[in-house]
Amino acid sequence: NGADTRDVDAAVKFPMWLAVANGEMEVCKWLFAHGAAKDVKRRNRWNESPLSVAFGRDMPSYRSISRWLILNGALCKDDDSGDLNAEIMKRDIYAVSSWRIQERKALLEWANDLY
């Protein structure tokens with residue numbers, strides 16, 4: 001309907017965040033392709049990003065979404081260099097509770113191998 005995905009009134013649950021939270025990979029891809037590419041790194045008023053939401057869920061579909069977000073720049077610096085941003089990694093992956101240590105390690109190793 002032409003809705004603005006960057007609408008400030010959607011500061012809590014913006015479309016990319018909602019798609020990730022609901023495990024809707026195809027919706028994430030559609031949003032990304034239709035103007036919401038920068039939303040893979042966007043944070044809501046509680047400082048949650050789509051990646052932190054996906055990584056916080058313990059289901060295979062969310063692991064796939066986490067990887068897709070990383071492949072599409074969720075851990076990269078804003079300067080288009082493609083370099084990983086350590087601050088984003090700390091906020092979005094390390095902030096998740098300690099019971100996910102092995103998965104966090106595997107995801108970081110996977111991401112590091114990409115870059």
Side-chain angles (χ1 to χ4, degrees):
N1 70 6
D4 182 1
T5 64
R6 307 292 291 176
D7 183 356
V8 294
D9 291 332
V12 177
K13 296 179 179 177
F14 51 94
M16 183 67 76
W17 189 97
L18 281 170
V20 170
N22 289 306
E24 298 289 345
M25 173 75 88
E26 293 307 311
V27 175
C28 293
K29 290 178 180 179
W30 188 90
L31 289 166
F32 187 87
H34 290 89
K38 291 187 183 261
D39 284 357
V40 298
K41 293 196 286 190
R42 183 176 174 192
R43 309 186 87 65
N44 66 16
R45 71 173 73 172
W46 297 303
N47 208 28
E48 299 170 320
S49 71
L51 181 59
S52 66
V53 170
F55 193 69
R57 306 288 205 288
D58 190 23
M59 295 180 188
S61 63
Y62 290 101
R63 286 183 208 116
S64 296
I65 291 173
S66 292
R67 287 186 169 102
W68 179 84
L69 288 164
I70 290 169
L71 284 171
N72 286 284
L75 292 178
C76 292
K77 294 180 179 180
D78 289 329
D79 62 8
D80 294 327
S81 67
D83 294 338
L84 293 177
N85 183 325
E87 290 302 313
I88 292 174
M89 291 188 333
K90 287 177 191 174
R91 279 193 312 242
D92 291 357
I93 296 177
Y94 287 110
V96 176
S97 64
S98 62
W99 60 270
R100 307 277 311 273
I101 290 174
Q102 290 302 327
E103 187 169 338
R104 174 178 31 206
K105 182 180 180 219
L107 184 62
L108 288 171
E109 287 172 353
W110 176 85
N112 191 54
D113 288 345
L114 290 175
Y115 299 98

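Of the candidates Ile70, Leu69, Leu51, Leu69 is the only one forming a side-chain contact (heavy atoms from CB on, under 4.5 Å) with Val40. Checking each of Tyr62, Trp30, Trp68 against Met25 for a side-chain contact (heavy atoms from CB on, under 4.5 Å) leaves exactly one that passes, namely Trp68. With Ser81 as the partner, the side-chain hydrogen bond (donor to acceptor under 3.5 Å, both in side chains) test is satisfied by one option alone out of Asn85, Asp79, Asp78: Asp79.
Interatomic distance, SG of Cys76 versus CG of Leu71, reported as 9.5 Å (0.5 Å rounding). Note that the CD atom of Glu26 and the CG atom of Leu31 stand 11.5 Å from one another [nearest 0.5 Å]. The distance from atom CG of Asp83 to atom NZ of Lys77, rounded to the nearest 0.5 Å, is 5.0 Å. Distance CZ/Arg63 to CZ/Phe55: 9.5 Å, rounded to 0.5 Å. If you take CZ on Arg57 and CG on Asn22, they are separated by 8.0 Å, rounding to the nearest 0.5 Å. Between the OG atom in Ser49 and the CE atom in Met16 there is a gap of 11.5 Å [rounded to 0.5 Å].
Proximity of a side-chain donor or acceptor of Lys41 to a complementary backbone N or O of Pro50 within less than 3.5 Å is not detected.
The closest side-chain heavy-atom distance from Phe14 to Arg42 is below 4.5 Å.
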